[in-house]
**Q** 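If you scroll down you'll find the structure; I have some questions about it.
Throughout, a chain's letter reflects where its sequence line sits, starting with A, and its residues are numbered from 1. Just so you know, these numbers come straight off a predicted model, no measurement behind them.
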Amino acid sequence: MNYQKLKGTVDILPDESEKWQVVEQQARAILSNYQFREIRTPLFEKFDLFARGVGETSDIVSKEMYDFKDKGDRHIALRPEGTAGVVRAYVENKLYAPEYHKPMKLFYIGSMFRYERPQSGRQRQFNQVGVEVFGSKNPAVDVETMALAMDLFKSFGIEDLKLVINSLGDSESRQKYREALIAYLEPHFDELSNDSKERLYKNPLRVLDSKDKKDKVLVADAPSVLDFLNEKSKQHFEAVKEMLDDLSISYEIDKNMVRGLDYYNDTIFEVMTTHPKFGANATICAGGRYDSLVEEVGGPETPAFGFGFGIERLLILLDFMNYNYPKVSTIDAYVVTIGDKVNKAATKLTQYLRQNNLSVEREFMNRKPGKQFKTADKWDAEFVFTMGEDELKENRVSIKALKSGQQMDIDLGELYSNFEATFKEVESRLMKKGE
RNA sequence: GCGAUUGUGGCGAAGUGGUUAACGCACCGGGUUGUGGUCUCGGCAUUCGUGGGUUCGAUUCCCAUCAGUCGCCCCA
């Protein structure tokens with residue numbers, strides 16, 4: 001074999017893509033109930049947009065961006081996440097203009113790219129569903145959007161779900177907290193892991209979710225963000241919690257939860273699954289509020305809230321659960337051909353049936369009738385239309401309903417002149433079992 | 001970027017420094033000269049990811065490379 005797919009990419013073959021269709025279709029239905037509308041933005045953007053949006057210190061920018069120079073010497077990157085592009089489109093197309101309803105609720109479904117080592121549920125090209133809500137600081141937006149995320153996952157019957165929330169506070173609160181955290185950690189500098197030593201000044205909050213055991217011990221006694229929230233942020237967080245309670249959506253507060261991306265403030269959340277095969281606590285969805293990003297990208301001051309989740313991870317989880325996917329592809333009829341001479345007549349018949357809204361496959365390989373029936377049976381076809389040389393001579397076709405085993409001949413002229421009535425008659429006569 | 005592990009037909013999977021590379025599934029053909037299940041018989045890898053090397057001889061040993069899987073980092 002000469003060519004193979006690039007590392008970290010996958011071919012999604014028909015058996016698998018049917019699962020994707022189910023997931024996407026269901027997600028679209030729920031998003032539509034929540035009055036979100038789809039936005040499609042380019043797969044690549046100016047490198048700087050992501051560098052700015054995602055945060056210069058994040059690993060995504062420093063080592064995971066799929067970037068390149070195009071022939072015009074432009075520095076381009078494949079999108080590593082969805083939000084930056086949507087924000088750019090929001091600003092560039094002036095979706096904040098007065099004629100648009102506020103808040104503007106958008107969703108996207110599509111591929112993202114990160115240059116990293118592939119492993120379970122992680123690829124270089126992966127797919128995300130994400131939503132963004134622009135223009136409202138109302139905590140009800142936070143709550144509605146988190147409720148949406150929970151509804152999406154619940155709709156697949158996922159029960160091992162946990163909503164975990166935290167507040168990072170606004171920039172003022174965050175700044176104060178940052179100082180306090182550094183003050184607390186500095187005396188322990190030598191005890192910190194190497195990664196955390198580096199993080200301490202670049203992005204001290206990230207020390208909080210270090211996986212290192214010693215770090216974890218230190219962090220356990222660190223001051224909490226929640227104690228540093230100013231009045232506004234505190235009220236916002238309280239309101240969010242109350243509304244979640246009102247909706248009977250249970251949640252946990254994890255004061256050490258932070259974000260890999262720099263643009264978040266106030267409410268952040270993760271949806272985790274506690275499914276045993278998925279590891280102790282696996283995040284399947286993450287999001288939060290980002291009130292300064294729109295401005296950062298050049299738009300007017302616009303509060304925003306959003307989340308994203310990876311479709312691959314969701315599919316893995318559904319597989320673990322042995323999720324029963326509804327069948328996407330079905331077949332109404334199989335056209336059996338007997339002999340070379342019927343090729344033309346079979347072509348005509350097959351096309352005619354399809355044009356009358358039946359899903360039809362025909363035999364192309366000239367196998368023996370027995371084999372053809374076997375295929376029709378395996379595919380669960382409702383009817384088999386048999387076109388043989390006998391039928392051809394008499395301008396008729398033989399129709400068999402596989403479930404009842406009943407079979408009858410029908411005149412082709414009749415079928416071709418009045419499909420509906422003829423076929424209805426055939427259906428009613430053949431569907432009865434063992435007459 | 002680092003570490004571990006794997007790579008044999010369409011798929012799953014055995015195997016060995018030496019003349020013909022098990023088996024199962026799927027598929028194709030026959031038994032059943034035009035009708036679904038079962039059964040039965042037969043077919044299906046000049047080749048063991050790729051490229052080198054060692055050897056009289058390599059799918060088997062060595063090196064490199066590509067890819068998969070898992071873990072670290074990070075994250076969806």
**Q** When you check every protein heavy atom under 4.0 Å of nucleotides 28-36 of chain B, what one-letter string (B, S, -) results, 5' to 3'?
**A** SSSS--BBB
**Q** Let's test this: given Watson-Crick or G-U wobble pairing with both distances under 3.5 Å, identify the partner of rU50(B).
**A**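 Matched rU50(B) with rA64(B) under the 3.5 Å cut-off.
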**Q** Please find out if less than 6.0 Å separates the ring center of F309(A) from that of F153(A).
**A**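 When the ring centroids of F309(A) and F153(A) are compared, they turn out to be within the sub-6.0 Å range.
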**Q** Between H236(A) and D170(A), is any side-chain donor less than 3.5 angstrom from a side-chain acceptor?
**A**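 Judged by distance alone, the side chains do not pair up.
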**Q** Between rC28(B) and rA13(B), how far apart are the P atoms? Round to whole Å, please.
**A**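 Nearest-Å result for rA13(B) against rC28(B) at atom P: 24 Å.
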**Q** Can you find a side chain N or O atom of Q128(A) that sits less than 4.0 Å from OP1 or OP2 on rA76(B)?
**A**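 For rA76(B), OP1/OP2 do not have a side-chain N/O of Q128(A) under 4.0 Å.
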**Q** Looking at rC2(B), which nucleotide sits across from it as a Watson-Crick or G-U wobble partner, both distances under 3.5 angstrom, or is there none?
**A**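 In the structure as shown, rC2(B) has rG71(B) as its Watson-Crick or wobble partner.
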**Q** Taking N or O atoms only and anything under 3.5 Å, show me the protein contacts with nucleotides 64-67 of chain B, one pair per line.
**A**
residue, atom, partner, partner atom, Å
rC66(B), O2', Q4(A), OE1, 2.5

**Q** Centres of the Y325(A) and Y323(A) rings: under 6.0 Å?
**A**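 Judged by ring-centre distance (under 6.0 Å), Y325(A) and Y323(A) do meet the cut-off.
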**Q** To the nearest 0.5 Å, how far apart are CG in N265(A) and OG in S171(A)?
**A**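 So the gap between those two atoms works out to 7.5 Å.
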**Q** Roughly how far apart, to the nearest Å, are rC39(B) and rG24(B) at atom P?
**A**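 Here rC39(B) and rG24(B) have their P atoms 13 Å from each other.
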**Q** How many whole angstroms separate atom CD of E16(A) from atom C1' of rC11(B)?
**A**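 Taking atom C1' of rC11(B) as the reference, CD of E16(A) is at 15 Å.
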**Q** Given the C1' atoms of rA22(B) and rC61(B), what is the spacing between them in whole Å?
**A**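 Looking at atom C1' only, rA22(B) and rC61(B) are 23 Å apart.
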**Q** Classify the side chain of R313(A) versus the base of rC75(B) as yes if they form a donor-acceptor pair under 3.5 Å and no if they do not.
**A**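 In this structure, the two groups form a donor-acceptor pair.
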**Q** Taking the same atom, P, in rU59(B) and in rU19(B), what whole-Å distance lies between them?
**A**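 After rounding to an integer number of Å, I get 11 Å for this pair.
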**Q** Measure from CG on D15(A) to P on rC25(B) and round the result to the nearest Å.
**A**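 D15(A) atom CG is separated from rC25(B) atom P by 20 Å.
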**Q** Considering only atom C1', compute the distance from rG42(B) to rU50(B) and round it to an integer number of Å.
**A**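 After rounding to an integer number of Å, I get 35 Å for this pair.
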**Q** In whole angstrom, give the distance that lies between atom CD of Q119(A) and atom C1' of rA76(B).
**A**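 So the CD-C1' distance, Q119(A) to rA76(B), works out to 12 Å.
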**Q** Please report the distance, rounded to the nearest Å, between CG in L205(A) and C1' in rC75(B).
**A**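 Rounded to whole Å, this separation is 17 Å.
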**Q** Would you mind pulling out the nucleotide paired to rG43(B), Watson-Crick or G-U wobble, both distances under 3.5 Å?
**A**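 By the stated definition (distances under 3.5 Å), rC27(B) pairs with rG43(B).
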**Q** Base, sugar-phosphate, or nothing: which does F126(A) touch, judged by heavy atoms less than 4.0 Å apart?
**A**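 Since a base atom lies under 4.0 Å of F126(A), the category is base.
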**Q** rC70(B) phosphate, OP1 or OP2: any side-chain N/O from S120(A) under 4.0 angstrom?
**A**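 Yes.
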**Q** Under a 3.5 Å cutoff, is there a donor and acceptor pairing between the side chains of R313(A) and N127(A)?
**A**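 Not at all, the side chains of R313(A) and N127(A) share no donor-acceptor pair under 3.5 Å.
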**Q** Quick check: on RNA chain B, is the nucleotide nearest T9(A) upstream (toward 5') of the one nearest C285(A), or the reverse? Name the residue that is more 5'.
**A**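 By nearest-heavy-atom nucleotide position, the 5'-most residue is T9(A).
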**Q** To the nearest Å, give me how far apart CD (Q372(A)) and P (rG37(B)) are.
**A**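 Distance, rounded to whole Å: 13 Å.
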**Q** Roughly how far apart, to the nearest Å, are rG15(B) and rA45(B) at atom C1'?
**A**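 Between the two C1' atoms, the distance is 14 Å.
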**Q** From OH of Y115(A) over to C1' of rG1(B), roughly how many Å is that when rounded to an integer?
**A**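 So the OH-C1' distance, Y115(A) to rG1(B), works out to 10 Å.
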**Q** For the base of rA76(B), is there a side-chain donor-acceptor partner from Q123(A) under 3.5 Å away?
**A**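 A donor-acceptor contact between them is absent.
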**Q** Looking only at atom C1', what distance separates rG17(B) and rC48(B), rounded to whole Å?
**A**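 It comes out at 15 Å once rounded to the nearest Å.
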**Q** CG of D11(A) versus P of rC11(B): gap in Å, rounded?
**A**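 Whole-Å distance recorded here is 13 Å.
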**Q** Just checking, is any N or O donor in the side chain of D332(A) or S359(A) under 3.5 Å from an acceptor N or O on the other one?
**A**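 No, no side-chain donor-acceptor pair sits under 3.5 Å.
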**Q** Taking salt bridge (Lys or Arg N to Asp or Glu O under 4.0 Å) as the definition, give me every residue that meets it alongside E92(A), ordered by chain and number, with sequence neighbours left out.
**A**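 Applying salt bridge (Lys or Arg N to Asp or Glu O under 4.0 Å) to E92(A) gives R88(A).
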**Q** Return yes if a side-chain donor-acceptor contact under 3.5 Å exists between H75(A) and D48(A), otherwise no.
**A**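 Per modelled atom types, H75(A) and D48(A) side chains form no pair under 3.5 Å.
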**Q** Flag the pair Y352(A) / F419(A) as yes when their ring centroid distance falls below 6.0 Å, and as no otherwise.
**A**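 Yes, the ring of Y352(A) comes within the 6.0 Å limit of the ring of F419(A), centre to centre.
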**Q** Tell me: CD of E116(A) to P of rG68(B), nearest whole Å?
**A**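 Roughly 13 Å, once rounded to whole Å.
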**Q** Using the P atom as the reference point in each nucleotide, state the distance between rC70(B) and rU65(B) in Å, no decimals.
**A**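 23 Å, rounded to whole Å.
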**Q** Would a line drawn from the ring center of Y290(A) to the ring center of Y263(A) be shorter than 6.0 Å?
**A**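 Aromatic pair counts; centres sit under 6.0 Å.
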**Q** Using 4.0 Å as the upper bound for N to carboxylate O, is an ion pair formed by E361(A) and R354(A)?
**A**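 Yes, R354(A) and E361(A) are salt-bridged.
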**Q** Considering every strand shown, what is the Watson-Crick or G-U wobble mate of rG36(B) when both distances are under 3.5 Å?
**A**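 Checking every strand shown, rG36(B) finds no partner, since no pair has both distances under 3.5 Å.
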**Q** So, is R206(A) near the phosphate of rC75(B), with a side-chain N or O under 4.0 Å from OP1 or OP2?
**A**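 Yes.
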